[in-house]
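Submitted below is the structure of interest, expressed as structure tokens.
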Amino acid sequence: MRRIENIEVAWIMSEIADLLELKGETVFKIRAYRKAAKAIANLATDLAVLLVEKQLETVPGIGKAIAAKIEELLKTGTINYYENLKSEVPFGLLEIITIPGVGPKMAQELYQKLKISSVDELEAAAKGRKIRELPGMGGKTEMNILRGIEMLRSGVGRTTLGIADALAEAFVGFLRVLPGVEYAGAAGSTRRMQESIGDIDLVVGATETEKVIDIFVRHPQVKRVLNQGDTKASIVTLMGVQIDLMVVSPEQYWSALHHFTGSKEHNVRLRELAHKKGLKINEYGVFSRDDDSSLPVSGEADIYAHLGLPYIVPELREDLGEIEAAQEGKLPELLELADIKGDLHIHSDWSDGVNTIEQIAGKAAEIGYEYIAITDHSKSLGIARGLSVERLTMQNEYIREMNERTTGLEIMSGIEVDILANGDLDYPDEILAEKDVVIASVHSGFRQEEAKLTGRVISAMKNEHVDIIAHTTGRLIGRRDAYAINMEAVFEAAVKYGTALEINSSPDRLDLNDKYVRKAAEMGIKICINTDAHDIARMDEMRYGTAMARRGWLSREDVVNTMEKDRLRRFLAQRN
DNA sequence: GCCGTTTTCGGCCCGACTGTTTTCAGTCG
């Protein structure tokens with residue numbers, strides 16, 4: 001039987017939750033399946049491995065019943081319970097509840113009264129004014145349904161961290177200068193630096209809240225106002241990104257910022273802790289349950305302090321162990337952007353980059369780096385003007401001369417060598433031996449089967465000249481899935497051969513992702529955070545890669561390019 | 001269905017906005 005990926009199991013658990021919801025099951029059971037789905041999606045270890053080791057039930061959120069269903073799925077390829085549910089609930093209803101504004105209750109009602117079981121049927125009924133005939137529904141309900149269907153089809157969907165971050169920054173700048181505004185900031189998954197963003201959350205602390213909302217919804221970037229109240233509003237921008245704004249009084253700002261930064265799971269855990277301490281936490285503050293009196297909050301750290309916890313940074317707030325670590329005083333000392341001393345994966349105009357090595361060096365000096373590596377493409381990558389052996393030798397010489405007349409910044413001569421479809425590297429060893437930094441990566445044969453692709457990457461890792469594997473899974477966020485690669489095996493090889501793995505900082509890649517980063521570091525694998533910039537403007541994307549490292553719980557010691565120059569040299573020389 | 005330094009049974013976070021209602025359920029985050 002084919003191998004079932006964790007993400008597929010997570011998907012099925014989430015679909016079971018949806019089906020149970022449509023059946024009107026108790027919310028706690030539904031919540032349990034949702035929680036399990038999330039926990040599984042966040043695992044960096046294959047469920048199959050956990051199953052063999054009888055460790056399934058050690059995963060928080062997975063108990064006896066769900067563990068048994070996972071075992072059944074992995075062994076037989078199906079879950080009886082799930083199949084039965086699917087036969088009880090019309091499949092189309094699952095799609096109907098993905099329409100914004102349409103939930104399980106409405107879907108059930110529409111199905112029972114009007115026999116609606118697909119989005120198309122729903123659209124026809126709304127247009128035909130059939131829905132207003134039902135109790136509790138009216139003309140506005142029909143409008144909302146049609147609008148929701150349009151949103152679903154127009155792909156108001158997830159966006160990359162890069163776009164969300166820039167958009168949030170622009171709106172925060174706009175809000176910050178409005179009259180009466182004391183604080184404005186981005187919250188939500190953008191602030192937590194999640195790899196993709198569903199909608200942008202903004203929080204404002206202001207003396208005149210309604211005025212701020214009023215101006216916000218009339219911003220020129222606003223295509224549509226989804227809802228608007230006294231303290232909250234949601235809009236969709238011209239680019240199709242949803243932005244939610246919450247406006248509170250300046251005193252309430254930190255509680256609101258914390259609340260909307262989330263994650264939801266992290267907040268739920270905190271509120272449970274608060275409950276046990278006789279406290280209540282919401283977006284307006286921290287309160288005593290006895291007399292409703294409020295406790296002082298003049299920064300997010302105060303909220304944690306009231307719970308007896310040290311401050312937890314936004315990147316860790318996922319309920320993936322950070323609360324337990326905080327309780328035990330074992331939070332990691334996270335890497336900071338300022339710890340990064342250089343970028344070891346940059347393309348110049350010698351291959352498919354747009355800037356000269358001089359311009360790249362200028363930008364690096366501006367950032368304050370101690371070193372960079374120029375790593376152009378290798379000869380087989382014709383589409384990217386990969387360097388012939390002759391041009392590569394010329395580039396070596398060119399960089400050597402540049403270093404002689406440059407002070408402060410060291411430019412290393414590197415290469416991003418292709419791992420060819422047959423597993424060979426694109427240059428012979430004696431050429432690779434001349435380079436300071438050798439990065440190896442896959443740019444072809446994406447569709448090969450898992451064993452073959454994994455074998456290619458591992459054989460590159462075996463090569464003593466290869467220092468770093470770049471964008472190891474090959475995924476492009478929202479556009480291309482990771483290729484079939486056995487990451488367990490790659491990690492084992494990285495440990496065995498001492499090869500470092502890259503976090504590619506491009507918001508389109510973020511590869512390795514946070515969960516793999518965390519797993520790799522736990523195994524003692526060194527991580528290198530690079531931008532893979534083809535344009536000097538994108539050398540600033542280092543902060544996204546650093547954010548991924550922080551989300552993966554990395555300290556400075558875990559990261560190759562936090563080393564000062566001489567130590568880095570020794571590290572690279574070890575691998576030759 | 002999960003979970004337990006108060007619990008193996010009885011809990012399981014908190015509030016805003018909307019539409020259709022006269023007091024609230026559904027949906028969302």
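Numbers restart at 1 for each chain; the letters A, B, ... are given by sequence-line order, proteins then strands. Basis for what follows: all heavy atoms, side chains included, without hydrogens, waters or symmetry-related copies.
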Glycosidic class, syn or anti, of B:dT5 using a 90° window around 0 | anti
Whole Å only: how far is the CG atom of A:D244 from the P atom of B:dG15?
-> 19 Å
d(CG, A:D201; P, B:dC28) in whole Å | 15 Å
Whole angstrom value for the distance that separates P of B:dC17 from CD of A:E210 = 10 Å
Between A:K276 and A:E272, is the closest basic N to carboxylate O distance under 4.0 Å?
-> no
Are A:R191 and A:E300 ion-paired here, with the side-chain N under 4.0 Å from a carboxylate O?
-> yes
Just how far, in rounded Å, is P of B:dT27 from CD of A:E21?
-> 8 Å
Take A:Y33 and A:G101, find for each the nucleotide of DNA chain B with the closest heavy atom, and name the residue whose nucleotide sits nearer the 5' end.
-> A:Y33
Nucleotide paired to B:dG19 in any strand shown, Watson-Crick or G-U, under 3.5 Å = B:dC24
Whether A:Y183 and A:Y253 hold their rings parallel, tilted or perpendicular, with breakpoints at 30° and 60° = parallel
note: A:K38, atom NZ; B:dG29, atom P; distance rounded to Å ~ 12 Å
Salt bridge present between A:R218 and A:D214 (N-O < 4.0 angstrom) = yes
Below 4.0 Å: OP1/OP2 of B:dC14 and any side-chain N or O of A:K264 | no
In whole angstroms, the gap separating P of B:dC28 from NE2 of A:H259 amounts to 16 Å
Under 4.0 angstrom, heavy atoms only, what part of the nucleic acid is A:G188 near: base, sugar-phosphate, or nothing?
-> nothing
Aromatic ring of A:F28 stacked on base six-ring of B:dC2, 5.5 Å, 30° = no
Classify the nucleic acid contact of A:L270 as base, sugar-phosphate or nothing, counting any heavy atom under 4.0 Å across all strands shown.
-> nothing
Tell me what A:M137 touches on the nucleic acid: a base, only sugar-phosphate, or nothing, going by heavy atoms under 4.0 Å.
-> sugar-phosphate
Sugar-phosphate only, base, or nothing, as touched by A:G148 at under 4.0 Å among non-hydrogen atoms | nothing
Can a salt bridge be assigned to the pair A:R34 and A:D18 using a cut-off of 4.0 Å between side-chain N and carboxylate O?
-> yes
A:R289, nearest nucleotide to its side chain (from B:dA16, B:dC14, B:dT27) | B:dC14
Spacing of A:L134 atom CG relative to B:dG19 atom P, expressed in whole Å | 17 Å
